[in-house]
Trainee: 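Quick one: the structure is below, questions incoming.
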2 protein chains.
Amino acid sequence: MKNVLSVTKALSDGNRLRTVMALHEMVELCVCQVTEMLGLAPATVSRHMSILQNAGLVSSRKNGRWVYYRLSEMAKTEPIVTVMDWLGESLDHSKEIKADRKYLRKIARCGAAQYCSNGSCEEG
Amino acid sequence: MKNVLSVTKALSDGNRLRTVMALHEMVELCVCQVTEMLGLAPATVSRHMSILQNAGLVSSRKNGRWVYYRLSEMAKTEPIVTVMDWLGESLDHSKEIKADRKYLRKIARCGAAQYCSNGSCEEG
DNA sequence: ATTACATTTCGATGATTGGCTAAATATAGA
DNA sequence: TCTATATTTAGCCAATCATCGAAATGTAAT
């Protein structure tokens, strides 16, 4: 039961839901991008990411100073993918998620590295 | 997003997961039966049931002094049923859930009404 | 009516959780 | 090596949550 609980608990926070949806949209994001999207302290976001990772929902890869997160293979295969599908369907038209998507597109335009360094994106 | 969160939060507690699985197994249970299974105070169980109900996962019907809960229609139809299926698959072999099932069969043998009154079941 | 009992609501309490800042760690570049 | 930057860890605080006992509510039976 502990494994199941780690997943449901991971998904029982709004900021983590937004993060999962963002990774569904953008495939891969570094911590600073998620931090920008959520508007939280980096330390807080790092904590959220480790909760998602411990639940097995996301995986990380390190590249230089940056750590990139993406949905894990587990999150994309049965049986958990059905839960992710439910999330997708249920949140697709959510106001918050739509706003996040818009914001993410802006972030994506200038690439993760530049974004992290600048803290903003002057339309690269 | 609030609706989704109410569901994930409802499922992010071990006692509520056990309750959902019990209702999956037994179709219908009154509060005192769930109370017996979980070993909690009636007030606590009542609160858990209302959290599950507010999330739309269970429905209730009143019969005399007793209130019977069962999985809601929503919980049995797309898209949420996929989440319930995941729960079923993931928890089917869980030690706690197996023990609960065994206990529930014992409870069921003498019927809800008698069980509630006696607080135990002397093999009716 | 009065009693008995199942359930819910209320109020208090201890545990968990999300948030922050500050400090620690890790890495790239001067 | 020294500095700058991205991330994580540690320590703390406020808010939320699970739990209980007590009181309130609703219902059945005497």
Side-chain angles (χ1 to χ4, degrees), chain A residues 1-2 5-20 28-55 58-70 107 111-120, chain B residues 1-2 5-20 28-55 58-70 107 111-120:
Chain A
M1 182 153 76
K2 249 172 77 179
L5 270 177
S6 74
V7 171
T8 54
K9 282 187 180 176
L11 298 176
S12 69
D13 173 86
N15 287 320
R16 289 196 291 269
L17 277 190
R18 288 173 64 190
T19 304
V20 166
E28 194 175 62
L29 292 169
C30 75
V31 176
C32 70
Q33 291 177 305
V34 178
T35 299
E36 181 67 25
M37 182 189 81
L38 297 178
L40 297 174
T44 305
V45 174
S46 178
R47 204 167 142 41
H48 280 312
M49 299 315 293
S50 83
I51 289 172
L52 287 171
Q53 189 160 34
N54 287 336
V58 307
S59 60
S60 65
R61 104 186 141 82
K62 194 163 192 171
N63 187 6
R65 277 174 285 201
W66 300 288
V67 176
Y68 293 92
Y69 285 91
R70 59 169 65 207
I107 290 180
Q114 186 194 339
Y115 197 82
C116 293
S117 305
N118 294 352
S120 75
Chain B
M1 184 153 75
K2 249 172 78 180
L5 270 177
S6 75
V7 171
T8 55
K9 282 187 180 174
L11 298 176
S12 69
D13 174 87
N15 287 322
R16 288 195 293 268
L17 278 190
R18 290 172 64 191
T19 304
V20 166
E28 193 173 63
L29 291 168
C30 75
V31 177
C32 69
Q33 291 176 304
V34 178
T35 299
E36 181 67 25
M37 182 189 80
L38 296 178
L40 297 174
T44 305
V45 173
S46 178
R47 205 170 142 43
H48 281 311
M49 299 316 292
S50 84
I51 289 171
L52 288 171
Q53 188 161 35
N54 287 336
V58 307
S59 60
S60 66
R61 109 186 137 81
K62 193 164 192 172
N63 187 6
R65 278 175 283 202
W66 300 288
V67 176
Y68 293 93
Y69 285 91
R70 56 170 64 209
I107 290 179
Q114 188 194 337
Y115 197 82
C116 294
S117 304
N118 294 351
S120 74

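Here the structure is a predicted model, which is why all the values come from computation and not from measurement. Numbers restart at 1 for each chain; the letters A, B, ... are given by sequence-line order, proteins then strands.
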Trainee: Nearest whole Å is fine: how far is D/dC17 C1' from A/Lys9 NZ?
Mentor: 11 Å

Trainee: Quick check for you: to the nearest 0.5 Å, what is the distance between A/Glu28 atom CD and A/Trp66 atom CH2?
Mentor: 13.0 Å

Trainee: Separation of A/Asn54 atom CG from C/dT17 atom C1', in whole Å?
Mentor: 15 Å

Trainee: Is there a side-chain contact between A/Val20 and A/Arg16 (heavy atoms, below 4.5 Å)?
Mentor: no

Trainee: Atom CD1 of B/Ile51 and atom P of D/dT19: how far apart are they, to the nearest Å?
Mentor: 9 Å

Trainee: Which letters describe nucleotides 20-30 of chain D, given B = protein heavy atom under 4.0 Å from base, S = only from sugar-phosphate, - = neither?
Mentor: BBB---BBS--

Trainee: Nearest whole Å is fine: how far is D/dA6 C1' from A/Arg61 CZ?
Mentor: 14 Å

Trainee: Are any of A/Tyr68's side-chain N or O atoms less than 4.0 Å away from OP1 or OP2 of D/dT7?
Mentor: no

Trainee: Rounded to the nearest Å, what distance is computed from the CE atom of residue B/Met49 to the C1' atom of nucleotide D/dA18?
Mentor: 16 Å

Trainee: In whole Å, what is the span from the CG atom of A/Asn15 to the C1' atom of C/dC20?
Mentor: 14 Å

Trainee: In whole Å, I'd like the distance from the CG atom of B/Leu11 to the C1' atom of D/dA18.
Mentor: 16 Å

Trainee: Applying side chain to side chain contact (heavy atoms under 4.5 Å, CB included), can you list everything that pairs with B/Leu17, at least two apart in sequence or on another chain?
Mentor: A/Met1, A/Val4, A/Leu5, B/Leu11, B/Leu87, B/Leu91

Trainee: Can you check whether B/Tyr69 has a side-chain N or O nearer than 4.0 Å to OP1 or OP2 of C/dA6?
Mentor: no

Trainee: Would you say the side chain of A/His48 lies within less than 4.5 Å of the side chain of A/Leu40, judging by non-hydrogen atoms?
Mentor: yes

Trainee: Quick one: is A/His48 getting a side-chain N or O under 4.0 Å of the C/dT17 phosphate, OP1 or OP2?
Mentor: no

Trainee: Do A/Ser60 and A/Gln53 come close enough that some side-chain heavy atom pair is under 4.5 Å?
Mentor: yes

Trainee: State whether the side chain of B/Thr19 and the backbone N or O of B/Asn15 hold a donor-acceptor pair below 3.5 Å, judged by distance alone.
Mentor: yes

Trainee: Is the backbone of B/Lys9 close enough, under 3.5 Å, to the side chain of B/Ser12 for a donor and an acceptor to pair up by distance?
Mentor: yes

Trainee: Rounded to the nearest Å, what distance is computed from the CG atom of residue B/Leu5 to the C1' atom of nucleotide C/dT17?
Mentor: 14 Å

